[in-house]
Novice: 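Have a look at this one before I ask anything.
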Amino acid sequence: MRRYALSTLVTAAASTALAILPATAASADTAVLTYGSAAGNAVSVGDVLTASLARGTNATLATSSNGTSGITCTESTLSATVTANPAAPGTATESATSQTFNGCTSNVFGVFGVQSITVDGLPYNTAASSDGTVTVTATPGRAIQTTVALSTLLGSITCVYQAPSLSAVSSNSDNGLTFANQKFTKVSGSALCTANGYFTATYAPVVDSSVSGSPSVYTN
């Protein structure tokens with residue numbers, strides 16, 4: 001079974017990070033991450049949060065910001081393990097462990113197919129704040145890295161891209177997590193590899209798969 005990952009190109013991704021949604025006012029006893037409802041039950045440390053693309057949307061890696069040329073994937077998933085969930089307002093942390101991609105195609109001239117997208121160096125650190133901001137970073141001194149394998153006019157090529165970090169926004173309206181135009185820069189690869197890749201995707205709903213029924217997760 002072929003496996004794709006992003007960091008954004010993710011998962012990391014993907015690849016690759018995961019967090020959840022800004023809520024309105026939260027009591028002193030409410031955790032940053034809750035499940036079932038805003039200000040609901042606290043997500044436990046060690047719980048696994050998962051999400052797929054919002055229905056009817058794609059994950060894209062465009063060659064320019066807001067561009068229409070690049071790679072499009074019809075399926076993508078995220079997975080992360082909660083490592084801290086303090087009282088709100090505050091910042092919960094997660095270890096982003098997986099980001100996968102399937103159904104990927106390219107409309108870039110000279111590219112015939114997308115063989116794989118792999119997020120290197122997982123897990124990544126994810127910080128999810130009460131205000132809805134989500135930041136994904138690699139270990140100190142390293143960058144988020146994604147490797148893309150393509151079928152082209154010149155045969156199979158490999159393109160390696162890096163980003164210092166990724167930013168996303170969570171929303172309690174759809175329990176979703178949105179990455180918009182997150183820039184990756186080529187660090188190695190064929191001349192057919194584009195210089196940059198801009199990752200856009202919305203994952204919704206984010207759920208706590210460690211709880212029976214996989215309830216949706218909220219940020220407070």
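All values reported here derive from a predicted model rather than from experimental measurement. For reference, positions follow the sequence shown, starting with 1.
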Novice: Take S79 and S98 through the test side chain to side chain donor-acceptor pair (under 3.5 Å) and record every step on the way to the result.
Specialist: CA-CA 5 Å; S79 179; S98 174; 5.6 Å; no
Novice: Step by step, work out the side-chain contact (heavy atoms from CB on, under 4.5 Å) result for N175 and V217.
Specialist: CA-CA 6 Å; N175 303 95; V217 179; 5.7 Å; no
Novice: Are S76 and Y203 close enough that a side-chain donor and a side-chain acceptor fall under 3.5 Å?
Specialist: yes
Novice: With clusters defined by side-chain heavy atoms of hydrophobic residues (ILVMFWY) lying less than 4.5 Å apart, directly or transitively, does V111 cluster with F184?
Specialist: yes
Novice: Which atoms form the tightest heavy-atom contact between G36 and Y218, and what is the distance?
Specialist: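 The answer is C-CE1, 3.7 Å.
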Novice: What's the separation between atom OH in Y35 and atom CG in N41, rounded to the nearest 0.5 Å?
Specialist: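 One gets 4.0 Å once the value is rounded to the nearest 0.5 Å.
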Novice: Could you tell me if the side chain of F179 sits less than 4.5 Å from the side chain of V169, heavy atoms only?
Specialist: no
Novice: At their closest point, which heavy atom of G67 faces which heavy atom of A62, and how far apart are they?
Specialist: O-CB, 3.6 Å
Novice: Return yes if some donor-acceptor pair links the side-chain N/O of N220 with the main-chain N/O of A39 below 3.5 Å, else return no.
Specialist: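 Flag set: sc N220 to bb A39 pair under 3.5 Å.
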Novice: Mind listing the closest non-hydrogen atom pair of V114 and T105 along with its distance?
Specialist: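 The pair with the smallest heavy-atom distance is CG2-C, 3.8 Å.
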Novice: Could you walk me through whether T77 and T100 pass side chain to side chain donor-acceptor pair (under 3.5 Å), step by step?
Specialist: CA-CA 5 Å; T77 66; T100 67; 2.5 Å; yes
Novice: With rounding to the nearest 0.5 Å, note down the distance linking NZ in K186 to SG in C159.
Specialist: 7.0 Å
Novice: From Q145 CD over to T118 OG1, what is the distance, rounded to the nearest 0.5 angstrom?
Specialist: 10.5 Å
Novice: Under the criterion side chain to side chain contact (heavy atoms under 4.5 Å, CB included), which of D47, T91, T34, L33 is the partner of N85?
Specialist: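 Running side chain to side chain contact (heavy atoms under 4.5 Å, CB included) over D47, T91, T34, L33 with N85 returns exactly one hit, L33.
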Novice: Of the non-hydrogen atoms in A88 and S130, which two are nearest, and what is the gap between them?
Specialist: CB-OG, 4.0 Å
Novice: Side-chain contact test, heavy atoms from C-beta onward, threshold under 4.5 Å: evaluate it for N66 versus N181 and give yes or no.
Specialist: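 When only atoms from C-beta onward are counted, N181 and N66 do touch, with a gap below 4.5 Å.
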Novice: Partners of S188 by side chain to side chain contact (heavy atoms under 4.5 Å, CB included), sequence neighbours excluded?
Specialist: V160
Novice: Any side-chain donor paired with an acceptor under 3.5 Å for T97 and S95?
Specialist: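 No, because no side-chain N or O of T97 sits under 3.5 Å from a partner of the opposite role on S95.
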Novice: Mind running side chain to side chain donor-acceptor pair (under 3.5 Å) on S151 and Q115 for me, showing each step along the way?
Specialist: CA-CA 7 Å; S151 299; Q115 298 175 7; 2.9 Å; yes
Novice: Between S209 and S214 (side chain of the first, backbone of the second, donor and acceptor by atom type, cut-off under 3.5 Å), is there such a pair?
Specialist: no
Novice: When you compare the side chain of L49 with that of V82, does any pair of heavy atoms fall below 4.5 Å?
Specialist: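 Touching, per the 4.5 Å side-chain cut-off.
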Novice: Evaluate the side-chain proximity of V119 to Y124: yes if any heavy-atom separation is below 4.5 Å, no if none is.
Specialist: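 They are in contact (side-chain heavy atoms under 4.5 Å apart), so the answer is yes.
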Novice: For the residue pair T146 and I117, establish whether any side-chain heavy-atom pair is separated by less than 4.5 Å.
Specialist: yes
Novice: Running the 4.5 Å side-chain criterion over Ile, Leu, Val, Met, Phe, Trp and Tyr, what cluster does V45 land in, apart from itself?
Specialist: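 None; V45 is a cluster of one.
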Novice: What distance separates T72 OG1 from N58 CG, expressed to the nearest 0.5 Å?
Specialist: 6.0 Å
Novice: For S167, is there any backbone N or O sitting under 3.5 Å from a side-chain donor or acceptor partner on Q182?
Specialist: yes
Novice: Quick one: side chain to side chain contact (heavy atoms under 4.5 Å, CB included) partners of P86, sequence neighbours excluded?
Specialist: V32, A92
Novice: Hey, does the side chain of S129 reach the backbone of D131 with a donor-acceptor pair shorter than 3.5 angstrom?
Specialist: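 Judged by distance alone, no pair lies under 3.5 Å.
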Novice: As an exercise, state the distance from CG of L153 to CZ of F109, rounded to the nearest 0.5 Å.
Specialist: 6.0 Å
Novice: Which atom names give the shortest non-hydrogen contact between A51 and P205, and what distance separates them?
Specialist: CB-O, 3.7 Å
Novice: OG1/T137 to CG/L166 distance, rounded to the nearest 0.5 angstrom?
Specialist: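 If I round to the nearest 0.5 Å, the distance is 9.5 Å.
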Novice: Any chance the side chains of T63 and T194 put a donor and an acceptor closer than 3.5 Å?
Specialist: no
Novice: Check the pair D120, T147 against side chain to side chain donor-acceptor pair (under 3.5 Å), reporting the backbone distance first and the verdict last.
Specialist: CA-CA 7 Å; D120 307 312; T147 300; 2.7 Å; yes
Novice: For the hydrophobic clusters of this structure (ILVMFWY residues joined by side-chain heavy atoms under 4.5 Å, transitively), does one cluster hold both V148 and F112?
Specialist: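 V148 and F112: separate clusters.
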Novice: Closest approach of S106 and V108, non-hydrogen atoms and distance?
Specialist: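 Smallest interatomic distance, heavy atoms only, reads OG-N, 3.1 Å.
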Novice: L53 and V207: same hydrophobic cluster, using ILVMFWY side-chain contacts below 4.5 Å?
Specialist: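 No.
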Novice: With heavy-atom distances below 4.5 Å as the criterion, would you say the side chains of T60 and I71 are in contact?
Specialist: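 Contact flag for T60/I71 side chains = no.
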Novice: Any side-chain heavy-atom pair from V136 and N125 closer than 4.5 angstrom?
Specialist: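 No, side chains not in contact.
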Novice: Given side chains that start at C-beta, do those of K183 and S65 come closer than 4.5 Å, heavy atoms only?
Specialist: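 No; the side chains remain at least 4.5 Å from each other.
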